[in-house]
Amino acid sequence: MKKFDLKRLAAIIYALAITAMAFLFFTNDFGLVDIRKTAVIIGAGIDLTEGGVSVTAQVAVPQPSENGENTVYIEVEGDGATVADALNVINKKTGFFPKLVFCKLLILGESCRDADIFEVLDYFYRDDYTQLTPVIAMCSGSAGELLASKMRFGNTATVSIERLLSDEAKKSANVSTVNLKMIGIDNFSQSAACYMPYIRARAQSAASPAAQSTGGGGQSEGQSGGEEGGDMQEFLCDRTAIFRGGRFAGILDEEQTFALNLLKNSVRHVFVPCTYEGTVYTLGLRNCRGGAGVRSSGGGAVARLAFSAVVQVNDVGRAEDPRSVSEGVVPEGVLRAGEARLRGLFSSLFSALREADCDALELGTKLFRYDRALYEELEGRVLSSAQLAFEVSLRSAG
């Protein structure tokens with residue numbers, strides 16, 4: 001009796017399955033929507049109006065390849081009583097329903113300062129097709145006008161802002177990048193505080209000397225930009241908007257933002273200028289470790305702001321002996337000056353948060369976890385009543 005060959009049978013089954021799948025692949029679109037009949041929101045701006053909400057969606061519309069452009073970016077505005085209502089108006093205007101699943105950026109206009117931002121953002125937490133990963137920021141002026149800005153570099157305002165709020169910028173402590181999930185967790189914790197980047201737009205002349213000196217192509221581009229009317233825009237994201245209980249509480253300046261990022265984020269390589277014996281030193285900090293903690297002491301709370309890093313001198317405001325530069329040893333006095341500079345930054349940050357009564361450092365949340373009795377005694381007064389202590393340590397890389 002001939003023996004049954006299982007291996008041969010399995011090979012035949014695999015071949016039939018591959019043939020069937022290939023047939024389906026080349027003959028059926030599986031119900032997918034024609035790419036020319038859909039659109040994807042890559043960024044959205046929200047402004048409050050007298051009648052409700054205005055949503056400006058920056059939409060990427062795929063184009064047939066024979067048109068020369070793969071994607072066209074347009075801004076579509078919708079007004080309604082709520083964000084969902086405004087998006088429905090966009091649907092009526094365009095004929096396609098914009099998909100939020102690929103939305104990577106949400107911008108709140110200056111008008112949102114007067115409202116609870118979580119009432120404004122409620123739709124994005126409820127919608128099944130919206131993820132909690134979009135980066136969120138507040139801007140000066142109108143969010144709709146910001147998204148419609150003409151850019152010096154980058155295709156759209158959304159692409160440019162995403163680059164400025166990237167993880168790389170966050171790791172250099174330059175921006176306070178957060179997403180929907182992060183601000184939701186922070187706001188509904190015991191500290192009831194959150195923060196986000198604050199964007200400022202600055203106009204730059206389209207016909208700049210740099211554009212005029214780039215040759216024929218550069219001159220043509222600069223001239224066409226000027227003919228289209230107006231200046232190009234560039235953005236600054238080095239400030240931070242802080243919120244208490246969902247309500248706007250103030251804006252941290254550049255130095256306070258930098259200090260907040262050193263304590264809250266995992267930073268990789270940052271630069272800190274300091275002055276020692278009348279000379280300015282720019283210190284490069286690596287292996288940074290920072291954090292804010294709280295402990296009980298004498299019946300009260302002590303806020304501990306800690307930071308440590310390995311230091312090298314990146315620049316000096318005077319000529320240096322090449323031998324000392326190659327050794328890479330940071331003088332002890334410069335290290336102490338750098339520590340004093342950091343303590344000053346942390347003190348300024350703490351004072352600003354205390355004045356705004358915004359516990360962005362999450363001291364209340366940490367006290368709730370580790371000393372429930374003291375938290376209940378100081379509930380609502382942790383930030384205002386806590387004493388401040390520093391633990392700042394810098395050591396030379398050489």
Side-chain angles (χ1 to χ4, degrees), residues 112-119 121 125 136 138 173 176-198 239-253 255-267 288-308 339-393:
C112 294
R113 291 186 180 189
D114 301 327
D116 186 330
I117 61 169
F118 289 95
E119 292 181 4
L121 297 172
Y125 288 102
I136 185 166
M138 176 170 275
S176 306
T177 305
V178 294
N179 57 34
L180 280 174
K181 179 180 180 180
M182 294 169 66
I183 65 169
I185 292 174
D186 290 345
N187 184 76
F188 295 100
S189 67
Q190 281 70 31
S191 295
C194 63
Y195 61 88
M196 65 182 65
Y198 186 78
R239 295 187 179 182
T240 301
I242 55 176
F243 300 84
R244 180 182 65 252
R247 296 278 179 174
F248 177 78
I251 297 175
L252 302 179
D253 63 23
E255 292 187 345
Q256 293 162 353
T257 295
F258 180 73
L260 177 67
N261 294 330
L262 290 181
L263 296 173
K264 291 280 291 183
N265 298 330
S266 176
V267 297
C288 303
R289 294 188 178 183
V294 61
R295 65 176 186 270
S296 59
S297 177
V302 176
R304 180 183 62 87
L305 306 184
F307 183 82
S308 64
E339 291 175 353
R341 171 67 172 161
L342 289 171
R343 285 193 294 269
L345 294 175
F346 294 149
S347 179
S348 174
L349 169 65
F350 193 81
S351 297
L353 294 179
R354 176 176 280 176
E355 183 178 353
D357 192 24
C358 177
D359 187 11
L361 294 175
E362 300 182 272
L363 300 180
T365 301
K366 293 171 182 176
L367 192 62
F368 176 82
R369 292 174 181 172
Y370 301 114
D371 195 335
R372 187 72 59 87
L374 182 59
Y375 169 81
E376 293 176 353
E377 179 182 344
L378 300 176
E379 186 173 3
R381 299 184 296 111
V382 176
L383 186 64
S384 60
S385 62
Q387 299 180 5
L388 185 58
F390 300 105
E391 294 181 12
V392 180
S393 175

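- What you find for F368 and R372 is that their closest heavy atoms are O-NE, 3.1 Å.
- Side-chain atoms of N187 come within 3.5 Å of backbone atoms of G246 as a donor-acceptor pair (strictly under, hydrogens ignored).
- Once rounded to the nearest 0.5 Å, the distance linking CG of D357 with CZ of R381 reads 11.5 Å.
- Each of C358, C194, S176 was evaluated against I242; a single residue qualifies, C358, per the side chain to side chain contact (heavy atoms under 4.5 Å, CB included) test.
- A distance-only check finds a donor-acceptor pair linking the side chain of R244 to the backbone of A356 [under 3.5 Å].
- Listed for the T257 side chain is a donor-acceptor partner under 3.5 Å among the backbone atoms of T240.
- The shortest non-hydrogen separation linking A301 to L378 is CB-CD1, 3.9 Å.
- Listed for the D253 side chain is a donor-acceptor partner under 3.5 Å among the backbone atoms of E255.
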Note to self: Assess the residue pair V382 and K366 against the criterion (side chain to side chain contact (heavy atoms under 4.5 Å, CB included)); give the C-alpha distance rounded to whole Å, side-chain angles, the decisive distance to 0.1 Å, and a yes or no.
What the structure shows: CA-CA 10 Å; V382 176; K366 293 171 182 176; over 6 Å; no
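- Distance alone, capped at 3.5 Å, places no donor-acceptor pair between the S348 side chain and the L345 backbone.
- Residues meeting the salt bridge (charged side-chain N to carboxylate O under 4.0 Å, His left out) test with R239, sequence neighbours left out: E254.
- Between C288 and V267 the shortest heavy-atom distance is CB-CG2, 3.5 Å.
- The environment of OH in Y125 is crowded: more than 12 heavy-atom neighbours from other residues, nucleotides or ligands sit within 6.0 Å.
- Rounded to the nearest 0.5 angstrom, F350 CZ and L361 CG are separated by 7.5 Å.
- Nearest heavy atoms, G300 versus L374: O-CD2, 3.6 Å.
- Between G184 and F118, the closest heavy-atom pair is CA-CE2, 3.9 Å.
- The two residues S297 and V302 make their nearest non-hydrogen contact at CB-CG2, 3.6 Å.
- Considering CE of M196 and CG of N179, their distance stands at 10.5 Å, rounded to 0.5 Å.
- The closest side-chain heavy-atom distance from R113 to M138 is below 4.5 Å.
- With hydrogens and angles ignored, the 3.5 Å screen pairs a side-chain donor or acceptor of D359 with a backbone N or O of L363.
- To the nearest 0.5 Å, the span separating CZ on F307 from CG on L262 amounts to 5.0 Å.
- Expressed to the nearest 0.5 Å, how far CG of L353 lies from CG of L383 amounts to 6.5 Å.
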Margin query: Pair L305, L349 - check side chain to side chain contact (heavy atoms under 4.5 Å, CB included), show working.
Written below: CA-CA 11 Å; L305 306 184; L349 169 65; 5.9 Å; no
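- Rounded to the nearest 0.5 Å, atoms CZ (F390) and OG (S347) are 4.5 Å apart.
- Using a 4.5 Å heavy-atom threshold, the side chains of L252 and Y195 count as separate.
- Between the side chains of E362 and S191, no donor N or O sits under 3.5 Å from an acceptor N or O.
- Within the cation-pi definition used here (under 6.0 Å to the ring centroid, within 45° of the axis), R247 does not qualify as a partner of F243.
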